[in-house]
Every structure is written in structure tokens, then in C-alpha cells.
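Since the structure comes first, as C-alpha cells, the remarks are kept for the end.
Quick note on labels: first sequence line is chain A, next is B, and so on, each numbered from 1.
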Amino acid sequence: MPTDTASKAHAMEPDCSCDLMVVGAGMAGMAAALFASSRGLSVAQAGALGGIDFSTGMLDLLGMHPVEELHAVDNPWQGLEALRRDEPHHPYGLVPDADVRAAFEDFTAFLAEAGLPYDGYADRNARVLTSLGTVKPTYRAPCSMWPGVQAMERKLPCLIIDFIGLKGFSGRQIVEVRGPEWPGLRSVRIPFPGCAGELYPEHLAWSLTEMDVVDWLAESVAEHVQDAQAVGFPAVLGPYAAPASTASSTASVGAASSGLYDVIARLRERLGVEIFEIPTMPPSIAGLRLRAAFETFLPGRGVRIYPQKRVAEWERTDNGGFRFHIAGAGEGDIEAVVEARGAILAGGRFFGKGLTADRHAVHEPLFGLPVLQPKHRDEWHREDFFDARGHPLNRTGVEVDARLRPLSENGHPAFPNLFAAGSILANQDWMRAKCGAGLAIATAYAAVQSYQNSLS
Amino acid sequence: MTKALKPDAARVLIIGGGVTGTGVARDLALRGIPSLLVEKRDLAAGASGGNHGLLHSGARYVGSDPEAARECMEESALLKRLAPHCIEDTKGLFVAVPGDDEHYIAEFPDLCAKVGLPAKELDPKTAMAMEPHLARDVIAAYEVRDGTIDPFMLCLDNISHACSLGAQMLRNTKVTALNVEGGAIRTVSLHNEKTGDELVIEPELVINASGAWAGIVADMAGAPLSVVHSQGTLVITQDRLSARVVNRLRMASDADILVPGGSVSILGTTSVRIDDPDDCRPTVEEVDRMLDDAIAMVPILETTRYIRAYAGVRPLVADTNGDANGDGDSNGGDRSVSRGYTLKDHASQGVANFITITGGKLTTFRYMAEKAGDLACRKLKVDVPCRTRTEPLPPSDAGRWTDPRLGARTWVDRAEEGDVILCECEMVSGRVVDSMMQEMAQDSKLSALSALNIRSRVGKGPCQGCFCGPRVTAHLYDEGWLEADRGLDELKEFVGRRWRGKAPILWGVPLQQAELQEALLCGMLELERKP
């Protein structure tokens, strides 16, 4: 029997009719919306807070394989080849290298246009410094972090700046951990100009949209630079990459203000050394910048975004498409109805709520798709959190056919026009293989391609 | 606690930093006998920190063990007077639901009366009104004098008082040999598991207060003690579900006590025989079994959010009362073993200066320490009476941060300029962390994160260390407590310990939280690659 809400939604005029509905606003959802709109499809997108907010901004392709050997991947393309051989069911097996490369190129080209340029090597991973002092391999890093990659590679004399009151970021820790192999590394803790008490990355980033504050910061740092050839800051050097004047009207900026790369250019000029950022603990500005770039620039490409809104329910339309109910603010509220000829499910895993779990089983809550999973909860996790093999639950997810269509219980695609992308896919452990962004981007690309092929 | 150590000044070596060992240290200190307490991990790291924190009225044992019931009744009344700061006098309910043994329900008031234990019959409606989360079909209810007690604060206050009177303590220090010669322990070899330091001391008397490890320690002196290990698992809810302790009115079984503690509630407990106390860890199976059972008494337990599970090991000593069955297959078997304490003089086994005090209950720890102290005095030929029966337990600086309210209060009332909140779930600030580090100065660089977790609320909130772990680590580096890559080891150890308790309750929101933690620590920070 239809619920009140469902019948209400049934009666609603669609707010939007489009080719493709993207369910999910994380990296995969954003990538799918981007790729689909680039191919001339009309797109709607909805999704609650996505993993993108918790991203460090780095785009990993494949950082570790085999994970149980804790083996860092140097050449990610060779790594992918080995991964496809060792794990035939891994979703990377569904996307040929040429498409992975094309997907990364399109994705980073869009971000560069949005003011977030990326850098990286053609065929090897870069090693990036983390806030813990560990080093992680990644394929593409924001240009704001790139001089740090080079400074570490060349072991240049380098200074890490740390602000009193910024939690979870200790320059001293980075120096203590990395010092043995990078003797020229120093750190200094300074007050952030004009701020005291607890500092929040977002506040610091916004305050640096004032050039006066940037100059003030440069003055506080200048005396400490000494022999350093590069100075690393926590990633707070501006909220958004593009000058705020070109950004969305939601940006609450008054007077003329500067973007990330204006801040970096000014600091470089004032201090006479290379400047780079080190990602802070999530939610980090680097992730917020990514989300802002998509939310600001995708609508201009024809994507109808329902930001921070969840898809509550769906029904089939007479012509085989979907009607999606976009949840409103209150319990049971429906804000809008979207009709779409096809859909990509990119809702992420548990944190993104693309998957849910109760005491007995894992579910895919929106379509009720079968989820590949261990039989019993005591097989979900290993005894040791850091067990190199990763937890079996990490590999649960939605199984798809070669065209990335989720399978129903009978092993056939659940719907001819429903596709899945990103971390919701089964048979992968992005957290251990360090392939989250790459998996999202590559499978979103392939899912969009499959969908487009299905239309012709 | 910051005085330079002089282990040779100690006449008595106490093994074990749980509530019994720290209680003995204080008992002896008040009698003027200097002791050294060694603990292989940290205070309250075993069963003392792995129980409900229930100050038993004794009513739970009126059917199975009237003597233990009487001890609990007397000791809980005493502790409410002597250590009120560690106690919340919540009162308790015993409630029965349809299907519970009617014979036991009928017998309960008489059993209480026989022990002299006050139990006030309540109309079920009254009980359900007093505790709204109780099942709506309660058929019988009694009010008793249960309360709750903070075992971490208790251990910290005990040892702080003892150390202020001349006792000494070494944590992370394991006994590796009890060297017996001529019918007595002549030397004891100690090994610091963190620094690798070795130490040999020559105590006059050794008191084995190592709880579940008592049999292992006794074996080292060639004085076997038959100890069986009964693991009990408990789960913590995110919210406090009752004002009072809620007991199931039936013979002791799994999942029949729900104990409030600060802002949470604790449900327990199981009884599962394990071979090695070091293998103690809560399991999915035990948690599920408990929830399936307990929802009959408190239905919201099916849907409420959990923070973590944990487990402790009850040492059940077979050869004292002679009533431990050897099979251990059934819960009834272990539950029928006396929960009374065991005081063993190993002189009968040819080791004159060796005592074991184990078993018993959190509620009766003081009484056990008194009995051990009395025996120690006889052996040392010292004639000083016990003073813990009358001397209040002074609150200590070391113990105060275990109070879940203090972090927030301190922050709100008198946050210092420049201070920051490191543990946002429980509002523990950087200055509070600094004060605890200074308090433990002598060996605070070892297992600092885990030590802070025992001494405060750090890591005990819903994030379970996901954010506070890296934040506290960064802070400890900034303040110079950590060097080289030691902090990464600490963080791994801390997260690994918290994980043991989290893994069994990972569904719903806690699973989302755990995924975020793995995405952060492994996906982004590659901490699993730290050797």
C-alpha cells in the first residue's frame, strides 16, 4: 500500500526531467555528473554529505598492491595490470587503461578550469607528506601540494609552519617522524595572525581571502625561513581556488578577495621560496574546495544539483524510466520529483549511506539490490584493525555486469538503465589499495559510457 | 607519584594494578609498610576496568551465594561513606518479565530477608514509571541499594593515596621470575615491556593480586593455584537508558544487568570459559546473545546506539572452597562457583613469603585488601591494625579526570586562554592532557595514549579515538612528550586496543564511524604501513 508520502510524491509534477539521475554526491557522483554532462546528457544529481568533504584533495589511482604485502605501488599502470590479474573481479577490471587515462584527463581538466589544477607524473605515483608525518603515494595532487612532493623528493631544506590552536596538525610531529630521512626539515609553531584559541581550517582559509592577512602571515613567517627552500603550511591557504568573485553567489564574500593560488603566489613572492600545502585532518579545506568546484561549475554545464539532499524513494515510469523522490528537510518531506531515463547509483558505502547495515546484514537501501557479503557479522572484521589484508566487510558491495549494471538475485541486471559507480561496488577495498578517487572516476566514466551506449 | 623510585625500599612486592592490588598497596601504606606495586600493563587494565562498575547491594547473590551477598551489602554501605566521590548512589531495581522463573520471583524477598538485605517491593506500574525504558509487561519489581562505582577513579585514588604514604608503582612492568630458594622467594625479576629495562628486587613478601593472571604468577613460584578464567563481555550504549541499576529478577545469567554510568549505560554480562586471560576479547556472538536476551527487560536495547563492547576475566579459583567443577562447559558451571574472594597463603606449598589474593568483586575489594593486609602483617610480624575501614579514601588529582562531567565543566567554567579541546566527544582539553602527563611524569612517555584513556575520558566517546587519537598524538609531540616516530606506534596501539571493543558492535552509525576511521587512518594516512 502506498504511504502518504509516496502518494503525495506520485501526484507531484516533476521538478526536472532528464536523461540521467546521479544518486550520490561524493567523488563518483560528481565525476558521473561531469562526464555525463560533457557528453551532452541532461543530468540531475542528489546526495547527502559525500565522502568528498573528507577527501584530502589527492586523486589516488592505485597506491598499494598487493595490500596484504603492504606493497607501495610505484607505477600505477603496472599496478593496475597486476591488480586485474590477481583480482579478476575487481571493478578496475571493467575499465580499460585508455578509459582510465581519459577519465583522469577529463576530470582534472574540469578541475583546472574550476581553478583547482592538479599535477603528477605520467607513469608513477608521487609521494605526498601527510599530517601524521607518514608518506602516501598518489597519482595526482593539487598544485598547491606539489612543491612539497618535489621538496621531499629532493630532500630540500624545508620549513613546516604550524599554527598554535590548530588541532591535529603538528609540524614538530612531521619533523620527528620524517627527520631521519629528511634532515633539512624544520618546523615552527606560530600564532595565526589575528587569531587566538581554537583555530578551524575553514575560518583560517576565509580570513586569508584578505590580502592584508596574507601579508601579515608572510611577515610572521619571514624570520623563520632562513635556509629553507620551501615552506609547507597546513592546507588552509584559501577556501576556494578560483577568485571568489567568479564563484557561486552563495559565497559570502564582500570585498575584493583572493583565491588559493593568489595566496600562494603572494606568499612565494614575499618569502622568496616555494610554498606548499599539507592536508589537515578531515573535513579538510582541500575536500571542501573540490565540492565547491563541482557545485559551482556543474550547474553551468547543465547539471541540476540538489545539494545535500537525499534520494528517498523511486518508482518506475511507464516508459521504463525512473521517478525519484528527493527528500526534503523534515521527516517524510519530499522536496522535488525528478524523472530520468536512466540512473547511476554512486551513493558510496556506509559513511555515504549508499550501504547500510543492521545487526544481521548489509543492505543497499534505495533499490534493495543484493549485496555481496559474508554470511555472518563475526566475519565482517578482522581481529586486528590494521591487519594488512583489510577487513572482509570492505569488499562487500553491489555486484555489476560488464557494463556496470547492478545485478539482481538471479544474476541478471536489475534494470537495463541502472548503473553503479564508485565505492559501492563489490570486490574492492579502496581504503587499503588507496584507489578511492581513481575507482570513483574510472567507474563513473565507464558507467556513463555504458549508459550512453545503451541509448543509441 | 613523581618521586624517584627506590624499589629496594619496598618490603612488599604487590603484583597487579587492579582494584585489589591498589587496594592492598593503600592498606599496607596506611599500616606504615612500604610496598612496590608492579603492573604489566596499566592500572585497571584487567577485570577491574572490564566490569559493570556496579556497587552491588548484594541482592544478585542472595540465591546463589548468601555469604558474598552479605559481604557486598556491608562493603557497599562502607564505601558509600568512605569513597563517595567514586560512587553514584543510583539505587537499583530487580524486575521480572513474563517467562522468568516464578519460583525464584516468589522466593526473592525471603532470600533477601535471610541475609538482612533491604528489598522494597514495588508495584510493577510504579517501577515502569520510575524507569520508562523498562518493558511494559513487568510482572514483579523490587528496589534495592545498588549503586555505581568508578573503578578507574578507585584504582587511581588508591594508588595515589598509597604513593603519598610511601608506596611506589611501576607500570608496563612484568614479573618474569619469582626465584624461590630455601622455601621462600628470594628475588624477583622484573622486565619493563616498553623500555626493555630489567630489574631484580628482594622483597620480604610477595602479594599476588594479579586477578585472572593469579594462576600464572603462582606457577612462577612453583606454588600452583587452580584458576579458571571466565570471560564476561559487556556493551556500552551511547545514552544513559536508566537512572537506576536495572537487574533481571532471576538466577544470575547473561545479559541481566543494565548499569548506568555517567551519560551511558552498560549491559552485561556473559560467562564464557577461556584458556588464557590474555586472549580475553568481546565477541560478536556474545554481544548478539546478550542483546537478544536483554530486550525482554529493556526493549530499546534493540535499536539504541552502542559505543563499544569490552570484556574482563573473572578469576574463579577452584581449590579454595572446593566447589568449582572442572568441566566449565556450561555457564551454570562457572556461575555456580563462588564469587567470594580467595586468600591463599602459599606457605602450605613451601613458599613462606608468598600470598595470593584474587577473585571476589569490585564491591568487596577493600575487604579483600584488608584480609590480605592482615595476613601480610602476620607474616611480617607487624602488629598494626587495618585503617581502611575507617579512613576515607581521599580524592586524587590523578583520578579526577575519569569523571565524565569534569572535562566539560572545567572547559565551561575556566578554560585557559590558548587551550583547545582535543577530545571533542568528551571535552578533554590540551591542558587537561598536560596535567595528566605531568602527573604520570616518571614513565608517561610509555603508552601515553592508552594511559590517558585509562585516566580520563579520552577516546571513550562515540568517535572512539578516530579524531581524538591523532589530535592527542599531535599535541603530545608539540609538548615534547613524544619523539621520533614513537607517536605513530602509540596511535596504532591505542586504535588497536579500542578496536577490540568496537568490532563486535559495528552496525548502523558506529559502522559508519568505523569506516570513516579506516578511511582516515589507512586510506589517507597509511598508518597500517607503519611497521
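- Other residues, nucleotides and ligands contribute at most 12 non-hydrogen atoms within 6.0 Å of the CG atom of D275(B).
- Just one residue in the list L520(B), L525(B), D485(B) forms a side-chain contact (heavy atoms from CB on, under 4.5 Å) with L132(A), and that residue is L525(B).
- Nearest heavy atoms, C466(B) versus M281(A): O-CE, 4.5 Å.
- Taking each heavy atom of A503(B) and H381(A) in turn, the nearest pair found is O-ND1, 4.4 Å.
- In this structure, the separation between CZ on F351(A) and CD on Q512(B) is 7.5 Å, given to the nearest 0.5 Å.
- In this structure, the side chain of R529(B) does not engage the main chain of H71(A) through any donor-acceptor pair within 3.5 Å.
- Nearest heavy-atom pair across M524(B) and P282(A) is SD-CG, 4.4 Å.
- Comparing R498(B), Q517(B), K530(B) by heavy-atom pairs within less than 4.5 Å of chain A, the highest count is held by Q517(B).
- Between D478(B) atom CG and I164(A) atom CD1 the span is 9.0 Å, to the nearest 0.5 Å.
- Rounded to the nearest 0.5 Å, atoms CG (D288(B)) and CG (D378(A)) are 8.5 Å apart.
- Looking at M64(A), the atoms closer than 4.5 Å to chain B (heavy atoms on both sides) all sit in the side chain, from C-beta outward.
- In this structure, the portion of V135(A) lying under 4.5 Å from any heavy atom of chain B is its backbone and not its side chain.
- The contact between D419(B) and chain A is made entirely by backbone atoms, counting heavy-atom distances below 4.5 Å.
- Remark: A474(B) engages S170(A), Q173(A) in a side chain to side chain contact (heavy atoms under 4.5 Å, CB included) (not counting sequence neighbours).
- Checked against the 6.0 Å centroid threshold, W507(B) and H360(A) do not count as a close aromatic pair.
- Heavy-atom contacts from other residues, nucleotides or ligands closer than 6.0 Å to CD of E181(A) number more than 12.
- Among V177(A), V67(A), T130(A), the residue making the largest number of heavy-atom pairs under 4.5 Å with chain B is V177(A).
- At a 4.5 Å heavy-atom cutoff, the contact between E515(B) and chain A is made by backbone and side-chain atoms alike.
- E424(B) has a carboxylate O that lies under 4.0 Å from a charged side-chain N of K167(A), or vice versa, which qualifies the two as a salt bridge.
- Between the side chain of K492(B) and the backbone N or O of F386(A), no donor-acceptor pair lies under 3.5 Å.
- Each of V495(B), V472(B), I421(B) has some count of heavy-atom pairs under 4.5 Å with chain A, and the biggest count is that of I421(B).
- Salt bridge present: D292(B) and R359(A) bring a charged side-chain N and a carboxylate O closer than 4.0 Å.
- Using a 4.5 Å cut-off between heavy atoms, L166(A) does not touch chain B at all.
- Contacts between D384(A) and chain B at a heavy-atom distance below 4.5 Å involve the backbone alone (N, CA, C, O).
- Only the backbone of S55(A) comes within less than 4.5 Å of a heavy atom in chain B; its side chain stays farther off.
- Rounded to the nearest 0.5 angstrom, R172(A) CZ and L476(B) CG are separated by 11.0 Å.
- Chain B forms more heavy-atom pairs under 4.5 Å with one residue of H391(A), K353(A), R178(A) than with any other, namely H391(A).
- For D162(A), the part sitting under 4.5 Å from any heavy atom of chain B is the side chain, from C-beta outward, and nothing else.
- Neither the backbone nor the side chain of T283(B) comes within less than 4.5 Å of any heavy atom in chain A.
- Applying a 4.5 Å heavy-atom cutoff, the residues of residues 294-310 of chain B that approach chain A are E302(B).
- Contacts of R377(A) with chain B are made by both backbone and side-chain atoms, with heavy-atom separations under 4.5 Å.
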For F385(A) and L521(B): C-alpha separation, side-chain torsions, deciding distance, then whether side chain to side chain contact (heavy atoms under 4.5 Å, CB included) applies.
CA-CA 10 Å; F385(A) 176 77; L521(B) 295 182; 4.3 Å; yes

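- Rounding to the nearest 0.5 angstrom, the gap separating the CZ atom in R432(A) from the CD atom in E526(B) is 10.5 Å.
- Remark: E528(B) engages K434(A) in a salt bridge, criterion side-chain N to carboxylate O under 4.0 Å.
- Put simply, CZ on R349(A) and CG on L516(B) are 14.0 Å apart, with the number rounded to the nearest 0.5 Å.
- For the residue pair L511(B) and A357(A), the shortest heavy atom distance occurs at CD2-CB, 3.4 Å.
- The closest donor-acceptor contact from the side chain of E176(A) to the backbone of A484(B) lies under 3.5 Å.
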